There are 2 protein chains.
Amino acid sequence: MATVIPHSPPEQRIARRSLHDEVVERLRDLIVEGELEPGKRVPERVLCERFGISRTPLREALKVLASEGLVELLPNRGAVVAPLTVTELDEIIEVMVTLEGLAGMLAASRMSDAAISEVKALHYEMLACHARADLHSYFKLNQAIHLAIIAGAGNATLVQTYGALNGRVRRFRYMANLSGERWDHAVAEHDEILSALTKRDATLLSRLLSDHLRNKYQHLKQAYQAGVEAAE
Amino acid sequence: MATVIPHSPPEQRIARRSLHDEVVERLRDLIVEGELEPGKRVPERVLCERFGISRTPLREALKVLASEGLVELLPNRGAVVAPLTVTELDEIIEVMVTLEGLAGMLAASRMSDAAISEVKALHYEMLACHARADLHSYFKLNQAIHLAIIAGAGNATLVQTYGALNGRVRRFRYMANLSGERWDHAVAEHDEILSALTKRDATLLSRLLSDHLRNKYQHLKQAYQAGVEAAE
DNA sequence: GGCTATCATTTTGAATGCAAAATTCAATGG
DNA sequence: CCATTGAATTTTGCATTCAAAATGATAGCC
């Protein structure tokens, strides 16, 4: 019995999109982009009507998203968009920090020059957004840079694992209203990151990426908790 | 809009087991324990009969397991038990090594004395199995020790993430026929691990756990590739 | 007036049914 | 004899249906 295949086949990805997969993706987007409020119940009926499908593929999609941690299924009581406790958030970030570190370590040696150039291009686009104070585009490019480096590690499992965690926290991370000072600091960190990547300094890149995410989250959390207290 | 809940609720886990969850678990076990051969097609019909259920909950379970990477769904062509390429295996281990390192770092400071004592007990049970050359029980206890340390990190997300990856490779890891020398070495590494944990030396424990997994896999892979070549 | 109990309605969990795609297998032609 | 084609059968994808649980509403009681 061969449990492991000696080397991977070409793996064409032409696979026709099933209705089920379509729904998983669209529903995931709705949740990740924050269009569906966390903690709110999501009756199957309204989603069916929204997507124009029957309950069977919708329920399949809900189970999948539940296993990803994006929705919570209450037995006999339907689905709710999974709320994040700060504890869970801390935990997820802790793991993501580690994975970013791994990505940096690997990407430094494995990324092609072309891929590094692309990151550089994204970086300068991001600087442009910073200069224009275009927060939304800045976030998009920021994410793109991080995902590019993760992908640059050449480890599909890492990409997938990171992606699953990222999906759970992205909603929260977009909430940040960067103060000018913090924003400048984040940009400075990104400069260092790009520099380390260009020099292919694995240890440094790894540390910078980990620290960057830790810092980003630290400030996000402070801002959030200040907001909570102000609201009370 | 509160995206994050300030602190976590008691979170009672009395939830009645739905038929769907039951099937996910049983099917996962069948795959992880190697009872279903990788790469083999799994017609819905035979699984339905095996579990005595209809296709609806079974199909839901298949989608979930597909999202965990344990089965592959070929559109209109059913499910196959996901085969592991050596590339994927390398990737998964790379991530698991990192996560073990994180677990060690955290567990060293966060585990309770009682939890450490339990690990110690498992360790000595494992030594007994080593002495008796009881490989199967040894593997079980080995897994239990690693899972206990991962759990000792006090990070549910880490447990879940590690568990998902572990499920994909466990089948393969059990295949190992440890040579006497390698087995002795693994036991020696475990001694060091227990010592570092007892001393709560985070850095050391982290490094030992990472190295241990890397070594274990390295040898497993060599043995496997030797086996493949011998079979040719 | 407020609270509980009972019943109607809605919603979920799972089985069944139906159409489309894939697989099987036999027959035909080279 | 082997390859190819095409119908019969099986299998999958999704919709529909049915039963059980939960929700909401109304009436009765304190």
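In what follows, chains are A, B, ... by sequence order, proteins preceding strands, each numbered from 1. None of these values were measured; they are calculated from a predicted model. In what follows, every heavy atom counts, from backbone to side chain, and hydrogens, waters and symmetry copies are set aside.
For the pair B:T56 and B:R41, both in contact range of DNA chain C, the more 5′-proximal nearest nucleotide belongs to B:T56. Comparing A:N76 and A:P57, the nucleotide of DNA chain D nearest to each residue sits closer to the 5' end for A:P57.
Between A:S54 and D:dA15, a side-chain N or O to OP1/OP2 separation shorter than 4.0 Å is present. OP1 or OP2 of C:dG13 sits under 4.0 Å from a side-chain N or O of A:R59.
Ion pairing between a basic and an acidic side chain is recognised when a charged N comes within 4.0 Å of a carboxylate O; B:R110 and A:E94 show such pairing.
The two residues A:P83 and A:E72 have their closest heavy-atom pair at CD-OE2, 3.8 Å. Among all heavy-atom pairs drawn from A:V159 and A:A151, the shortest one is CG2-CA, 3.8 Å.
Whole-Å rounding puts the B:R55 CZ to D:dC14 C1' distance at 9 Å. Atom-to-atom, CD of B:E49 to C1' of D:dT11 comes out at 13 Å; the value is rounded to the nearest Å. Across the protein-nucleic acid pair, A:E60 atom CD and C:dG13 atom P stand 14 Å apart, rounded to whole Å. Between the CG atom of B:L47 and the P atom of D:dT11 there is a distance of 12 Å, given to the nearest Å. We find that CZ of A:F51 is positioned 18 Å from C1' of D:dA15, with the value rounded to whole Å. Here C:dA19 presents its C1' atom at 15 Å from CG of A:L19, a figure rounded to the nearest Å. Separating the CG atom of B:L73 from the P atom of C:dA22 is a distance of 15 Å, rounded to the nearest angstrom. Whole-Å rounding puts the B:H20 NE2 to C:dA15 C1' distance at 17 Å.
Between B:T56 and A:R59 the shortest side-chain heavy-atom distance does not fall below 4.5 Å.
Inspection of the B:N215 and B:H219 side chains reveals no N or O donor paired with an N or O acceptor under 3.5 Å.
As judged by a 4.0 angstrom heavy-atom cut-off over every strand, B:R45 is placed among residues touching the sugar-phosphate backbone only.
Looking at A:R77, its side chain has no donor and acceptor atom pair within 3.5 Å of the base of C:dG13.
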